[in-house]
Every structure is written in C-alpha cells, then in structure tokens.
Amino acid sequence: MSSESVDHKVALVLGATGAVGKQVLLDLLKNGTYEKVVTVGRRPVQLDDSVPQDKLVQKTVDFENLDASREDFKNVNDVYCCLATTRHDAGSAEAFRRIDQGYVLNSAKIIAEENKSATSALSPVHFLYCSSGGANKNSPFLYIQSKGQTEEGIAKTGFQRVSIFRPGYLEVVEPRPRTRWPEHISGYIISPINRLFNLHLAVGVDVVGRSMHKVAMQSKAVPSDAKETVTDFYGNKDIEELGASK
C-alpha cells in the first residue's frame, strides 16, 4: 500500500467535524491528490459548494460499536486522526477518556487489523495523530496525560509509520459550536503575546491541517518488510514551519 503513487491512495479522516479535522479535510479536498478521501465520524461534515467534493465519501459510525463498521476502515493508506474532546464537553473524566483515548485507540486497532501487509507484521498505513503540546503519559493533569497515553498506544498498535503532532494553543478558523470559555479567555492572552515575541505557543488550526497533509505527502516509504514502527514527533514550531505555505 505504501508503495502506491499518491494519485491512487486513499485518505481517511477521523474527527473531521472538529476544528483541526475540518481543516485537514478542506486541505485534502482542495489541494490533495488522493483518489478518494473518506471521513468516518458520528455525523457528516457540512461543507459549502465551493469545496470540491467529487472524491469525498462520508461514513457515519457508532464509536461505541466500531466492529459493526469495519468495512469503512478497509483499503486506506493515510489516516489523519483528529478525534478529540475536553472533560467539560465530555461531561466527566471517565467519559473524556472513553472518547479522547478509547475511540482513538480502538479506531487505530481496527484500521491496523483491516489493512494488513503481506510481507510485514506491521500495517502499511501511515497513521497521523493530532495530539497536544506537553503530552506526557506520566502527567498528573488529565488532558495531557491522556494525550501521552494515546500517543504511546498508537505507536504500539502496529503501523509501519506513525506521525504525532503536538500543537500549542489552537487558534480556530470557524467558531466552535459551543464556546469553551477557558480556551476563549486564554486566547486573548496567549495569541497576542505569542505573535509579539514569536514564542511558538499557539498555531492556527488551518496551519496544523496543512502540516499534517504535508508530512503525509513528504514521508518516505517504510521498507515493506519493516519490523519496527517509525514514529516521528512534530512540535508547535515544526508545525508552523510545515504549514506556513499554502
């Protein structure tokens, strides 16, 4: 699968209704050369008529019963995973972990199982995951601890290549469906300071989307008989540089 030309590859986007995921999807549809772009989510992504949609296939699934939708995860090459939530939106720490970590890792597991290699124990899928700056599995803070644990879980799932993106404060392009007041207030503080002193603390979600797409396009093929996962990490500064040019 990894040896195919980009024109014959299939991209899958998880979390395409979210702030980052939608920007990934838009960049793939407007600037990508995939044969097909598939979204898998709890609801379809709403796009206006100016966005090319001839290559787009949208699949609606129940993340609590993903085994029933295994067919939707087959025959893909590059997976852009932007599934995420917050404790506030989820309603509890337990619900947050189930969505932010459980949905991601279960999706990754099924994708690896449904896209096996004939020459390697590792799936040839390139799994690109939008995590968070400061992600650390040993952190006492729920959000970044969960992100760190999810990163580790993905790296151990069984893909030939995993790319992990750790953006800082996310500057949204479109208003969120529901205002996140702590994030909203932080933005008034972090964004101006970040721009003034060039601290690499914040980044636009559109820049994150372009950087993920660019990494997928530029990554060298992993040997078909690879025995270990190649895992690359991209911090906020890397993301800015990769996604700077449109």
Side-chain angles (χ1 to χ4, degrees), residues 6-86 88-91 95-96 98-115 125-131 150 154 165 167 170-180 183 204-213 216 243:
V6 176
D7 290 339
H8 294 92
K9 292 174 72 174
V10 175
L12 186 150
V13 185
L14 291 163
T17 57
V20 174
K22 187 169 185 179
Q23 295 305 311
V24 169
L25 178 62
L26 290 173
D27 198 52
L28 298 184
L29 294 175
K30 292 179 178 180
N31 306 308
T33 55
Y34 288 100
E35 182 176 55
K36 183 166 64 173
V37 178
V38 181
T39 66
V40 172
R42 289 177 287 187
R43 61 185 185 278
V45 186
Q46 300 301 314
L47 300 170
D48 61 53
D49 293 338
S50 66
V51 180
Q53 299 177 45
D54 54 307
K55 296 181 179 180
L56 177 63
V57 177
Q58 301 212 57
K59 301 288 186 177
T60 303
V61 302
D62 177 3
F63 281 100
E64 298 290 344
N65 183 27
L66 274 186
D67 278 327
S69 302
R70 281 182 171 267
E71 287 292 323
D72 296 334
F73 294 95
K74 289 184 175 181
N75 302 313
V76 298
N77 303 90
D78 297 332
V79 174
Y80 299 84
C81 182
C82 305
L83 274 173
T85 188
T86 63
H88 180 267
D89 287 348
F96 167 76
R98 189 179 76 252
I99 298 169
D100 199 74
Q101 187 174 146
Y103 286 6
V104 171
L105 294 181
N106 196 25
S107 297
K109 176 177 176 291
I110 290 174
I111 290 167
E113 291 173 350
E114 295 299 332
N115 296 274
V125 166
H126 181 180
F127 197 95
L128 302 99
Y129 172 58
C130 184
S131 181
T150 303
I154 292 169
F165 298 78
L170 292 171
E171 298 173 330
V172 298
V173 172
E174 300 179 7
R176 293 190 185 275
R178 182 169 61 180
T179 300
R180 297 175 178 175
E183 178 184 87
V205 291
D206 54 334
V207 177
V208 180
R210 287 196 300 271
S211 71
M212 293 178 75
H213 185 192

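None of these values were measured; they are calculated from a predicted model. Counting from 1, the numbers follow the sequence of the chain as shown.
Between N106 and F63 there is no side-chain heavy-atom pair separated by less than 4.5 Å. Side-chain contact check for V10 versus N75: every heavy-atom pair is 4.5 Å or farther apart. Between D206 and R210 the shortest side-chain heavy-atom distance falls below 4.5 Å. At a threshold of 4.5 Å between non-hydrogen side-chain atoms, the residues L56 and L47 count as touching. Contact annotation: the side chain of T60 approaches that of P44 to within less than 4.5 Å [non-hydrogen atoms, C-beta and beyond]. Counting heavy atoms from C-beta outward, I154 and L105 have side chains that approach closer than 4.5 Å. Residues C130 and V208 meet the side-chain proximity criterion, which asks for heavy atoms closer than 4.5 Å.
Counting only residues at least two apart or on different chains, the salt bridge (charged side-chain N to carboxylate O under 4.0 Å, His left out) pairs with a member in residues 50-63 are K59-D72. Within the structure, the salt bridge (charged side-chain N to carboxylate O under 4.0 Å, His left out) test picks out the following pairs touching residues 16-33 (sequence neighbours left out): K22-E174.
Of the possible polar contacts, one joining the D100 side chain to the T85 backbone as a donor-acceptor pair under 3.5 Å is found. Between the side chain of N115 and the backbone N or O of K74, no donor-acceptor pair lies under 3.5 Å.
Nearest heavy atoms, N77 versus K9: OD1-CA, 3.3 Å. What you find for V24 and C82 is that their closest heavy atoms are CG2-SG, 4.0 Å. Smallest separation of non-hydrogen atoms from H213 and G32: CE1-CA, 3.6 Å. Summarising the geometry of A16 relative to T39, their closest heavy-atom pair is CB-CG2, 3.9 Å, with the distance given to 0.1 Å.
Checked against ring pair (Phe, Tyr, Trp, His ring centres under 6.0 Å), Y80 has no partners two or more places apart in sequence or in another chain. Qualifying side chain to side chain donor-acceptor pair (under 3.5 Å) partners for Y103, counting only residues two or more places apart in sequence or in other chains: E64. Considering only residues two or more places apart in sequence or on other chains, D48 meets the side chain to side chain donor-acceptor pair (under 3.5 Å) condition with S50. Remark: R70 engages D67, E113, E114 in a salt bridge (charged side-chain N to carboxylate O under 4.0 Å, His left out) (not counting sequence neighbours).
Distance check: H126 NE2 to D78 CG gives 6.5 Å after rounding to the nearest 0.5 Å. Rounded to the nearest 0.5 Å, atoms OG (S107) and CZ (F127) are 7.0 Å apart. Atom CG of L25 is separated from atom CD of Q58 by 7.0 Å, given to the nearest 0.5 angstrom. Distance NE2/H8 to OG1/T33: 11.0 Å, rounded to 0.5 Å. Taking CG of L29 as the start and OH of Y34 as the end, the distance is 11.5 Å to the nearest 0.5 Å. Note that CD1 of I99 is 5.5 Å distant from CZ of R42, once rounded to the nearest 0.5 Å.
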Item to complete: Just do the side-chain contact (heavy atoms from CB on, under 4.5 Å) check on I111 and L14 with the steps written out, would you?
Response: CA-CA 11 Å; I111 290 167; L14 291 163; 4.2 Å; yes
Worksheet item: Would T150 and S131 satisfy side-chain contact (heavy atoms from CB on, under 4.5 Å), going step by step from the backbone distance to the final call?
Response: CA-CA 8 Å; T150 303; S131 181; over 6 Å; no
